[in-house]
Each structure stands twice: as structure tokens, then as C-alpha cells.
Amino acid sequence: MSTRTEKNKETPADTGARFRSIMHLLQFTDSTFPVGTFSFSNGLETASFEKVVHDADTLREFVASQAVQAAFSDGVAAIQSHRAYLRGDYDAIAAADAALYRFKMNAEARLMLQRMGKKLAELSSHLFESPLITRWLKEIKDEKVPGTYPVGQGMAYAAAGVDEKEMFCAHQYGVINMVLSAALRCVRVSHYDTQKILFDLAARAESLYEEAARMNVDDMNAFFPQLDILASLHEKGNMRMFMN
């Protein structure tokens with residue numbers, strides 16, 4: 001019995017690595033992490049203006065759809081990038097980057113992913129001594145790769161010792177929280193409403209991960225045409241509360 005206990009006992013090195021990964025996870029999901037997530041509403045601006053989203057219930061439906069759409073596109077790319085980073089496979093990272101960029105139907109979504117991706121690449125190059133991240137940043141600047149944010153997430157979290165499940169949770173949290181933060185500025189909801197939505201949607205993250213983890217970049221899918229229509233309207237709309 002004592003032998004089994006000793007074998008399962010966590011070493012100081014294991015404990016230190018676990019604490020560091022948790023700290024990095026908190027750092028990367030903090031609202032002050034400077035990648036520009038606060039600047040985008042993911043189509044909520046137009047949804048609010050067109051009265052598609054007007055209260056807590058309609059906001060919940062909108063955010064839930066955004067989370068699913070992101071899980072099976074951005075989330076898949078992030079998982080594949082995370083795995084490729086751990087293998088040292090830059091070609092697979094670049095392939096996931098290109099595939100995700102092609103997957104996005106509207107210009108603002110592509111612009112958002114590129115702006116945030118470049119910011120993350122620049123920041124990651126200061127945090128990690130990583131040839132893969134250094135190469136990716138150089139190729140972003142040389143316009144050889146699009147530099148999408150989820151692919152950057154995959155590399156950064158892998159470099160920080162955060163496993164892919166925790167990274168996927170952070171990805172889902174980021175998508176949901178981005179929209180809910182925007183909602184406080186353009187929908188008649190309170191902080192209590194948005195926090196309840198965030199709390200409730202956490203229950204879906206595990207099942208979304210399990211499905212996304214079985215997919216590769218060729219399997220990416222997200223059939224929510226209303227979201228794409230709202231995004232296309234936003235490109236030509238007059239209402240502007242966020243970066244476009």
C-alpha cells in the first residue's frame with residue numbers, strides 16, 4: 001500500500017510545473033492580456049441593432065451559437081496547432097493557419113483573427129524562446145502565413161505547458177466572454193445576466209472539446225448562417241461601437 005502511494009505521489013517538479021501552467025492559463029485568459037479581444041463584438045453589434053438580440057434570453061442563444069461555431073472551427077485549428085507544436089511540426093501549424101483563414105466567410109472575421117494573431121505572436125516571442133513561434137511571426141510579417149489567433153493560441157499554450165483540454169476551455173471562455181463584454185455596452189442586460197450565461201455555458205465545454213478533438217482541419221464546420229449574415233451586414237453598417 002505504501003509503495004503504491006509513493007509511486008502516485010506528485011514530485012516537487014510536477015507540482016511546480018502544474019502551478020506554472022495554471023498561472024499561465026490565468027494570465028492568457030485575463031482581460032488585460034494585450035491581444036485586442038476587447039475591440040470586437042463578433043457580430044453582436046449588428047444583432048443588437050437589428051433587434052435579433054435584445055435581452056438576456058436572446059443573448060444566451062446568440063452566445064451559445066457563437067461558442068459552437070468557434071469550437072468546430074477556431075477550436076479545431078487551435079487543437080491541431082497545439083499538437084503540431086509539441087511534435088515540432090511547423091508545416092502542420094502553417095497548414096492549420098491557412099485552413100482556418102480560408103474557412104472564415106466574412107472579411108471582418110478574418111481581420112479580427114489576423115490582428116489578434118499578430119499581437120499574440122509578438123507577445124509570445126517575448127515570453128518564449130521558441131524557434132517555431134519566431135518563425136511563425138517572421139512569416140506573418142512576410143505575409144507568407146495569415147497568422148490567425150487560434151493557431152497562435154495553440155502554440156502559446158503548448159509552449160507554456162498548458163494541455164490542450166485546458167487550452168480549449170480558455171478558448172471557449174475567450175469567445176463567450178468577448179461577446180458578453182460587448183453585450184454590456186449594446187444590449188439591455190446586467191452583469192448578473194452575463195455572468196449567469198457564462199456560468200451556465202461552461203457545462204457545454206467538455207462535450208464540445210470531445211467532438212472538436214476528434215476533428216482535423218478538413219473537418220471544420222459551423223453552419224450558423226444567421227451569424228454570417230449579421231457579420232456581412234456589419235461590414236456595411238453605420239452603427240459602430242467597436243473596431244471594424
Side-chain angles (χ1 to χ4, degrees), residues 10-40 42 70-71 73-101 109-178 181 205 209 212-213 217 243:
E10 194 172 58
T11 67
D14 292 335
T15 302
R18 183 167 57 85
F19 270 79
R20 285 192 298 273
S21 70
I22 293 172
M23 289 293 289
H24 295 326
L25 181 63
L26 293 171
Q27 178 183 358
F28 294 162
T29 54
D30 192 274
S31 61
T32 62
F33 196 63
V35 293
T37 56
F38 65 89
S39 300
F40 298 94
N42 271 21
S73 54
D74 300 22
V76 173
I79 290 171
Q80 294 301 317
S81 173
H82 188 284
R83 293 173 180 174
Y85 183 92
L86 295 179
R87 297 195 308 269
D89 187 350
Y90 182 80
D91 289 341
I93 292 169
D97 199 9
L100 182 60
Y101 184 78
R110 292 192 293 271
L111 178 62
M112 177 182 75
L113 291 188
Q114 285 184 288
R115 283 185 175 176
M116 291 168 54
K118 185 177 181 181
K119 287 284 188 182
L120 181 56
E122 291 170 344
L123 183 55
S124 296
S125 69
H126 286 281
L127 297 177
F128 309 108
E129 293 183 2
S130 167
L132 291 175
I133 292 174
T134 299
R135 180 178 175 183
W136 191 57
L137 176 58
K138 183 179 185 303
E139 294 202 353
I140 291 173
K141 292 179 177 179
D142 293 341
E143 299 183 353
K144 293 182 179 179
V145 295
T148 57
Y149 180 66
V151 169
Q153 278 185 305
M155 288 192 284
Y157 281 77
V162 178
D163 72 32
E164 70 174 48
K165 291 182 180 179
E166 293 171 339
M167 178 206 66
F168 186 84
C169 289
H171 155 73
Q172 282 285 291
Y173 172 85
V175 171
I176 294 168
N177 198 49
M178 185 192 308
S181 295
Y209 165 75
V217 292
M243 184 183 299

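The figures that follow rest on heavy atoms only: side chains count, while hydrogens, waters and symmetry mates do not. What you see is a predicted model, and the numbers here were worked out from it, not measured in a lab.
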- [ ] Look up atom CD1 in Ile93 and atom CD in Gln80, then write down how far apart they are to the nearest 0.5 Å.
- [x] 11.0 Å
Open item on the list: For Ala77 versus Leu100, what's the shortest heavy-atom pair and its separation?
Closed with: CB-CD2, 3.8 Å
Task: Closest contact, heavy atoms only, Leu132 versus Gly88 - done: CD1-CA, 3.9 Å
Open item on the list: Please report the interatomic distance OG(Ser124) to CG(Leu137), rounded to the nearest 0.5 Å.
Closed with: 9.0 Å
TODO: Please round to the nearest 0.5 Å and tell me the distance separating atom CE of Met155 and atom CH2 of Trp136.
DONE: 4.5 Å
Open item on the list: Contact between Asp74 and Leu113 at the side-chain level, heavy atoms closer than 4.5 Å - yes or no?
Closed with: yes
Open item on the list: Is the ring pair His171/Phe168 parallel, tilted or perpendicular, if the boundaries are 30 and 60 degrees?
Closed with: tilted
Task: Value rounded to 0.5 Å, distance of CE in Met112 from OG1 in Thr148 - done: 10.5 Å
Open item on the list: Looking at Ser125 and Glu122, would you say the former's side chain and the latter's main chain have a donor-acceptor pair under 3.5 Å?
Closed with: yes
TODO: Would you check if Arg83 and Asp89 make a side-chain contact, meaning some heavy-atom pair closer than 4.5 Å?
DONE: no
Task: Of Met167, Arg87, Gln153, the residue whose pairing with His82 passes side chain to side chain contact (heavy atoms under 4.5 Å, CB included) - done: Met167
Task: Derivation of the side-chain hydrogen bond (donor to acceptor under 3.5 Å, both in side chains) call for Glu164 and Tyr157 - done: CA-CA 8 Å; Glu164 70 174 48; Tyr157 281 77; over 6 Å; no
- [ ] Determine whether Lys138 and Thr134 make a side-chain contact, defined as any pair of heavy atoms from C-beta on separated by less than 4.5 Å.
- [x] no
TODO: For side-chain contact (heavy atoms from CB on, under 4.5 Å), just list the numbers for Tyr173 and Leu25, CA-CA rounded to whole Å, side-chain angles, deciding distance to a tenth of an Å, and then say yes or no.
DONE: CA-CA 11 Å; Tyr173 172 85; Leu25 181 63; over 6 Å; no
Task: Beyond-backbone contact of Gln114 with Tyr101, side-chain heavy atoms, under 4.5 angstrom - done: yes
Task: Closest non-hydrogen atom pair, Ala99 against Val217 - done: CB-CB, 4.0 Å
Task: Distance-minimising heavy-atom pair for Ala71 and Gln172 - done: CB-NE2, 3.6 Å
Task: Separation of Phe128 CZ from Leu123 CG (nearest 0.5 Å) - done: 8.5 Å
TODO: Taking all heavy atoms of Ala121 and all of Ile133, pick out the closest pair and write down the distance.
DONE: O-CG2, 4.1 Å
- [ ] Considering non-hydrogen atoms only, spot the tightest contact between Ala92 and Ala84 and give its length.
- [x] CB-CB, 3.7 Å
- [ ] Could you grab the distance from atom OG1 of Thr32 to atom CD of Gln27, nearest 0.5 Å is fine?
- [x] 8.5 Å
Task: 4.5 Å side-chain heavy-atom contact, Phe33 and Leu120 - done: yes
TODO: With the side chain counted from C-beta on, respond yes when Tyr85 and Ser130 share a heavy-atom pair under 4.5 Å apart, and no when they do not.
DONE: yes
